[in-house]
> 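Structure below; questions to follow.
Keep in mind it's a predicted model, so treat the numbers as computed, not measured.
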Amino acid sequence: MTAEQTYARELGDFLRSRRERTTPEDLGLEPGPRRKVDGLRREEVAMLAGLSTDYYQRLEQGRNVRPSDAVLDSLADALELDEIERRHMLMLARATRQPAPPVRRRPERVPASTARLLPHMGVPAVVLGRHLDVLAWNDLAAELLGDPADYTPDRRNFLMALFDDDGARLHCADWEATALDYIGMLRVAVAADPDHPRAVAVVGELSIRSAEFRRLWARHDVRESVHGAKLIHHPRVGDIAMEWDAYPLPGNPGPVMVVFTPQPGAADDQLRLLGNLAGTDLRAAAAPPRRGARPAPTAPA
């Protein structure tokens, strides 16, 4: 299968997932008494977008159709896509219209300055690659989220850890929402380079061993997450309400540093206790911690 065919199929799957999730009521339409589907029919999407039903059906089937930007805008309006979904659809569709340029894949590396910074931060922080591989972390992150050093390098991945066993579910409140965030972020990376060996490995393995991953991956959700909030169950500190922010690091596409901070109103003594457990003195951030930042081996290109 050519790259253009891969993108055409991915575009069709994405359109179908959005159509099946949109109800007539969402668009102010009457559902009708004899309706057999929960979402919109193909002919309804085609009518709303000003297309023929046959053309739209071929789009969903990935039959080598190359829609113009004007057609895509009409479809985005018909399906009420948000800005992230609209950008994702445009990227997939444009890739069907022109040969993909050669992909230059470089190993993901943690900048030396970032590696020096991590041990001195008074909050949990990790560096993630574009496929959610954990490239580096500090002791507070290891105490809060689980120590990546307990995993082999190919298993140091946020998404794999989330689906590994029931322990991740006990550790993370609202497990499915967190999984959807991670899956949505991974899908953006996969869409940019669907044949990347690491993307193939992560998606392939999780698809084989987890029915839940297959169900959530089939939703075709996309995320460009740079901020979020989560409640983490810690066995010794209790429930910790945290916010996280992702900061891009040099490289294109490059890794990001994810920093966790207590949500407003959360008890600061929980963070101090977390630091005590991790062997980090939060009152003396300039002093190196017991283990410091742990850089993982370079992620696969």
Side-chain angles (χ1 to χ4, degrees), residues 1-22 37-103 105 130-132 159 179-180 182-224 253:
M1 181 180 295
T2 66
E4 290 82 1
Q5 290 171 324
T6 298
Y7 281 112
R9 185 179 64 179
E10 184 71 14
L11 173 63
D13 289 344
F14 176 74
L15 289 172
R16 183 175 63 254
S17 70
R18 301 280 84 75
R19 173 177 63 80
E20 292 174 348
R21 197 178 304 180
T22 305
V37 296
D38 294 329
L40 295 176
R41 301 186 181 99
R42 291 187 180 91
E43 55 267 29
E44 290 171 329
V45 176
M47 177 191 69
L48 289 168
L51 306 173
S52 72
T53 301
D54 177 67
Y55 181 87
Y56 178 75
Q57 180 170 310
R58 285 187 286 126
L59 269 178
E60 275 200 10
Q61 293 171 343
R63 290 167 56 186
N64 206 27
V65 178
R66 296 177 173 85
S68 67
D69 285 359
V71 167
L72 297 169
D73 284 339
S74 296
L75 284 170
D77 292 340
L79 295 170
E80 294 193 334
L81 302 186
D82 62 28
E83 286 305 310
I84 295 174
E85 292 171 326
R86 189 182 291 256
R87 282 196 295 271
H88 181 72
M89 180 185 67
L90 283 169
M91 189 277 291
L92 293 174
R94 287 168 179 168
T96 70
R97 300 201 298 254
Q98 56 190 6
V103 178
R105 297 175 183 141
R130 57 188 176 275
H131 301 107
L132 304 182
L159 197 55
L180 284 170
Y182 293 165
I183 286 173
M185 293 164 68
L186 179 63
R187 186 170 282 285
V188 171
V190 169
D193 186 2
D195 296 324
H196 194 291
R198 186 56 176 162
V200 172
V202 172
V203 175
E205 178 179 335
L206 289 174
S207 297
I208 290 171
R209 65 181 173 87
S210 173
E212 280 192 288
F213 174 82
R214 294 194 297 272
R215 176 179 65 84
L216 298 177
W217 185 253
R219 289 168 56 100
H220 284 264
D221 287 351
V222 289
R223 301 279 195 275
E224 294 178 357

> Looking only at heavy atoms, what is the nearest atom pair of Pro194 and Val200, with distance?
O-CG2, 3.8 Å
> Is any side-chain heavy atom of Thr22 less than 4.5 Å from a side-chain heavy atom of Glu80?
no
> Considering all heavy atoms of both residues, which atom of Arg219 and which atom of Arg18 are nearest to each other, and what is their separation?
O-NH2, 3.1 Å
> Using the rule given for side-chain contact (heavy atoms from CB on, under 4.5 Å), can you reason through Ile208 versus Arg214, listing the C-alpha separation, both sets of side-chain angles and the distance that settles it, and then say yes or no?
CA-CA 8 Å; Ile208 290 171; Arg214 294 194 297 272; 5.9 Å; no
> Flag the pair Asp54 / Arg58 as yes when at least one side-chain heavy-atom distance between them is below 4.5 Å, and no otherwise.
yes
> So do Thr96 and Arg9 actually touch side chain to side chain, heavy atoms under 4.5 Å?
no
> Taking NZ, NE, NH1 and NH2 as the nitrogens, is one of them in Arg97 or Asp69 under 4.0 Å from a carboxylate oxygen of the other?
yes
> Enter the distance from Arg198:CZ to Arg130:CZ here, rounded to the nearest 0.5 Å.
11.5 Å
> Inspect the contact between Arg87 and Asp82 and indicate whether a charged nitrogen and a carboxylate oxygen are less than 4.0 angstrom apart.
no
> Does Arg21 reach the side chain of Leu79, with side-chain heavy atoms less than 4.5 Å apart?
no
> State the CG-CZ distance between Leu186 and Phe213, to the nearest 0.5 angstrom.
6.5 Å
> Can you give me the closest heavy-atom contact between Arg19 and Leu40, atom names plus distance?
NH1-O, 2.9 Å
> Only one of Met89, Glu20, Glu10 forms a side chain to side chain contact (heavy atoms under 4.5 Å, CB included) with Leu15, so which one is it?
Met89
> Show the nearest heavy-atom pair for residues Glu4 and Ala95, with the distance to one decimal.
CG-O, 3.8 Å
> Between Phe14 and Arg187, is there a side-chain heavy-atom distance shorter than 4.5 Å?
no
> Do Pro67 and Leu75 touch side chain to side chain, with heavy atoms closer than 4.5 Å?
no
> Measuring from Leu72:CG to Arg94:CZ, what's the distance to the nearest 0.5 Å?
7.5 Å
> Considering all heavy atoms of both residues, which atom of Ser74 and which atom of Ala49 are nearest to each other, and what is their separation?
CB-O, 3.4 Å
> Would you call Leu206 and Trp217 a side-chain contact if the rule is heavy atoms closer than 4.5 Å?
no
> Let me confirm one number: the CZ-OG1 distance from Arg42 to Thr53, rounded to the nearest 0.5 Å.
10.0 Å
> Measuring from atom CZ of Arg16 to atom CD of Gln57, what distance do you get when rounded to the nearest 0.5 angstrom?
11.5 Å
> For Tyr7 and Met91, work out which heavy atoms get closest and say how close.
CE2-SD, 4.4 Å
> Calculate, to the nearest 0.5 Å, the distance between atoms CG and OG1 belonging to Leu92 and Thr6 respectively.
11.0 Å
> Does any non-hydrogen side-chain atom of Ile183 lie less than 4.5 Å from one of Asp221?
no
